[in-house]
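The structure under discussion appears below in the form of structure tokens.
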Amino acid sequence: MSYRELYQPAHTMIGKGCLNQIPRYIDRLSAQKALIVTDEGLMKIGTAKKVTDVLEHAGKSYAVYTGVKPNPTVSIVNEAKSVYDRENCDYLIGIGGGSPLDVAKAVSILAKNGGNIEDYNGLDKSKRTGAPLIAVNTTAGTGSEVTRAYVVTDEVKKSKMLMVDANCLSYLAVNDPELMVDMPPALTAATGMDALTHAIEAYVAKSHFPFTDGIALEAIALVGKSLEKAYQDGHNIEARTDMCWAEYMAGLAFSNAGLGMVHAMAHQLGGFYNTPHGVANAILLTHVMRYNTSACKKRYADIAKALGIDTSRMTADQAANAAIAYIEGMARRLKIPKLSETAFKPGDVLTLSLHALEDTGMPENPKEATVVDVQKVFMDAYYAK
């Protein structure tokens with residue numbers, strides 16, 4: 001490719017208190033009524049109310065859909081779309097992490113393109129820009145507010161569909177760390193490791209280029225500096241803000257460069273067992289890195305340096321191994337479970353591996369993989385101590 005096209009939201013706000021500026025962006029849309037897409041948990045703890053309070057103060061009309069669950073399904077998307085239609089909405093506000101924002105993106109695409117969400121599985125399958133979406137992120141990991149990707153589980157096939165489509169990009173992405181201070185430590189850990197995986201996969205993806213390289217490395221450095229601080233003290237606004245920047249840059253990096261084998265495999269754990277996406281990535285990350293090292297050890301050495309490791313006297317192999325060891329240690333400190341502690345069944349490994357090879361993320365992996373290779377990585381993760 002002789003040129004690059006960058007994909008990013010039309011507008012972005014990052015920082016404490018930026019939530020209050022949403023109404024002025026709505027005014028620019030000349031839109032009449034929003035469908036808020038979120039989940040019951042965020043309603044119960046008052047996170048979503050912080051957004052609706054801003055809307056009500058500004059006199060903005062909205063309806064609410066709270067049926068989103070982790071690893072959202074086709075049925076959930078269809079249900080949300082029915083509410084959008086019934087309430088005569090003309091734009092969306094997604095509030096949450098990856099699951100609510102992915103559902104909001106799916107409804108956005110269906111609202112302007114019609115058909116079934118299964119029709120859009122793959123790369124750039126829609127013809128028209130979706131309904132305007134304001135994506136209010138409440139976690140620091142998924143990057144869904146910035147990316148041109150969304151994931152929906154086909155509950156019939158027990159597989160995750162990965163849609164990569166510029167027509168789903170947010171009109172406005174919002175990252176206010178004050179929405180994240182009450183995130184439980186386990187969710188902070190999982191979403192933070194998700195952000196780290198995004199950045200690492202983007203940095204070594206076949207389609208990486210200078211823009212994605214720079215923001216991916218900075219995202220990695222910020223995760224190394226701030227994730228454990230946010231995990232230990234959720235009200236550390238500086239650490240939360242750093243993680244907002246890290247996950248946003250990581251999302252921007254992979255939205256433009258692509259992902260890889262970690263995500264291709266993690267999507268199968270989510271589709272088959274409903275394993276939380278960030279947890280699945282965190283479990284698989286270092287095992288895929290070991291598999292990939294022969295193809296990108298110099299890039300893994302760069303990652304080690306970004307994590308603060310002194311690599312000045314190391315070979316590329318040593319530095320790559322140091323990066324892997326550092327991430328393994330971080331995962332232990334963040335209490336990330338082992339694959340053997342999840343619902344994973346070794347008897348499913350062939351089916352999982354075949355699906356992973358078909359995943360939209362796999363072509364960007366720096367090292368080609370066979371079904372046997374993928375099976376081995378799954379089982380290495382399963383038997384890991």
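None of these values were measured; they are calculated from a predicted model.
Ring geometry for Y203 against H208 counts as tilted: the plane angle lies between 30° and 60°, on a 0 to 90° scale. Note on ring orientation: taking the six-membered ring where Trp is involved, the planes of F211 and F209 are parallel (angle under 30°, cut-offs 30° and 60°). Using the six-membered ring where Trp is involved, Y25 and Y171 have ring planes that are perpendicular, over 60° apart on the 30 and 60° scheme.
A side-chain N or O of H198 and one of H263 form a donor-acceptor pair less than 3.5 Å apart. Side-chain contact, D102 with S144: a donor N or O sits under 3.5 Å from an acceptor N or O. There is a side-chain donor-acceptor pair under 3.5 Å between T188 and R240. Counting only N and O atoms by type, the side chains of D317 and T315 include no donor and acceptor under 3.5 Å apart. Residues N256 and T212 have side chains that never bring a donor and an acceptor to within less than 3.5 angstrom of each other. A side-chain donor-acceptor contact under 3.5 Å links Y273 and D348.
Of the charged side-chain nitrogens involved, none lies within less than 4.0 Å of a carboxylate oxygen, so that D39 and K44 do not count as a salt-bridged pair.
No single ILVMFWY cluster, assembled from side-chain heavy atoms under 4.5 Å apart, contains both V164 and M362.
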Discussion item. As a quick check of understanding, evaluate salt bridge (Lys or Arg N to Asp or Glu O under 4.0 Å) for K206 and E368, giving each step before the final call.
Written reply: CA-CA 11 Å; K206 291 177 182 177; E368 297 294 330; 2.5 Å; yes

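With Y291 as the aromatic partner, K367 meets the cation-pi criteria of under 6.0 angstrom to the ring centre and within 45 degrees of the ring axis.
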